Amino acid sequence: MTLEEIHGQQPMPEGNDWTQGAGTALHELLVSAQRRGCLTAGVYESAKLMNVDPDNVAFCVLAADQEDEGDIALQIHFTLIQAFCCENDIDIVRVNDVAKLAAIVGPSEDSGEPRDLHCILITNPNEEGWKDPALEKLNLFCEESRNVNDWVPTITLPE
């Protein structure tokens, strides 16, 4: 049984302005975080970072396509990451289109190879006072989602 099933999750309506604005905000946040070097991609890389420095994690994105829904190991990782994020007050969202995410984030800068985008963490940069308006919008979106018992809201990225 999942957290959503226990709490009787009712997702926010798709046509909601919050949902559309959240997709745009997530796109902006990913671009900004990558430019600043504050983006960690990959389930294992994210798990290592959360284990070492959870206070430095500002936001978490879990991504899965339709074919990933049957991957039991990935779903177990998602459940553990969700629990960790909830325990450490890290806002978390889901994205159902890994291809759109790959178009935004791109390949690995080191090797140029496609990277694991099933989990992406946004970390706090070393710069003092860095406030990203997109992150603030997403934090507000997550708070509003929790108010309607949607603990891990799904965001649709813009075209």
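The structure presented is a predicted model; accordingly, all values stated were derived computationally and were not measured.
Without hydrogens or angle criteria, Gln34 side chain to Val105 main chain gives a donor-acceptor distance under 3.5 Å. Distance alone, capped at 3.5 Å, is enough to place a donor-acceptor pair between the Asn88 side chain and the Phe84 backbone. Remark: the backbone N or O of Lys48 is not paired with any side-chain donor or acceptor of Asn51 at under 3.5 angstrom.
Note that CZ of Phe141 is 9.5 Å distant from CG of Leu26, once rounded to the nearest 0.5 Å. Atom CD1 of Ile155 and atom CG of Leu157 lie 7.5 Å apart (nearest 0.5 Å). One finds the CD1 atom of Ile81 at 6.0 Å from the SG atom of Cys60 (value rounded to the nearest 0.5 Å). Summarising the geometry, atom CG belonging to Asp71 is positioned 8.0 Å from atom NE2 belonging to His77; distances are rounded to the nearest 0.5 Å. From Leu140, atom CG reaches atom OG of Ser145 across 9.5 Å, with rounding to the nearest 0.5 Å. The line from CG of Leu117 to CG of Asp97 is 11.0 Å long, rounded to the nearest 0.5 Å.
Using a 30° and 60° split on the angle between ring planes, Phe78 and His118 fall in the tilted class, from 30° to 60°.
For the pair Asn96/Thr154, a side-chain contact is recorded, criterion being any heavy-atom separation below 4.5 Å from C-beta on. Side-chain atoms of Gln82 and Glu87, non-hydrogen and from C-beta on, never get closer than 4.5 Å to each other.
Summarising the geometry of Pro158 relative to Lys100, their closest heavy-atom pair is O-CD, 4.2 Å, with the distance given to 0.1 Å. When all heavy atoms of Ala58 and Asn124 are compared, the closest pair comes out as CB-OD1, 3.4 Å.
More than 12 heavy atoms of other residues, nucleotides or ligands shown are found within 6.0 angstrom of CD on Glu67.
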Check: Is there a salt bridge (charged side-chain N to carboxylate O under 4.0 Å, His left out) between Lys137 and Asp132 once you walk through the steps?
Finding: CA-CA 9 Å; Lys137 287 179 191 174; Asp132 191 310; over 6 Å; no
Next item on the list: Begin from the C-alpha positions of Phe59 and Leu121 and carry the test side chain to side chain contact (heavy atoms under 4.5 Å, CB included) through to its verdict.
Entry: CA-CA 6 Å; Phe59 199 78; Leu121 296 181; over 6 Å; no
Note to self: side chain to side chain contact (heavy atoms under 4.5 Å, CB included) for Ile92 and Ile90? Distances and angles first, verdict last.
What the structure shows: CA-CA 6 Å; Ile92 182 170; Ile90 300 168; 5.7 Å; no
Checklist line | Full working for side chain to side chain contact (heavy atoms under 4.5 Å, CB included) between Val93 and Cys142 | finding: CA-CA 8 Å; Val93 296; Cys142 288; 3.7 Å; yes
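A salt bridge links Asp91 to Arg146: one of the charged nitrogens lies within less than 4.0 Å of a carboxylate oxygen.
Judged as a ring pair (Phe, Tyr, Trp, His ring centres under 6.0 Å), and not counting sequence neighbours, His27 has no contacts.
Leu80 and Ile72 fall within the same hydrophobic cluster, defined by Ile, Leu, Val, Met, Phe, Trp and Tyr side-chain heavy atoms under 4.5 Å apart, directly or through other members.
For the pairing with Leu39, the side-chain contact (heavy atoms from CB on, under 4.5 Å) check across Ile120, Val31, Thr123 returns one residue only, Ile120.
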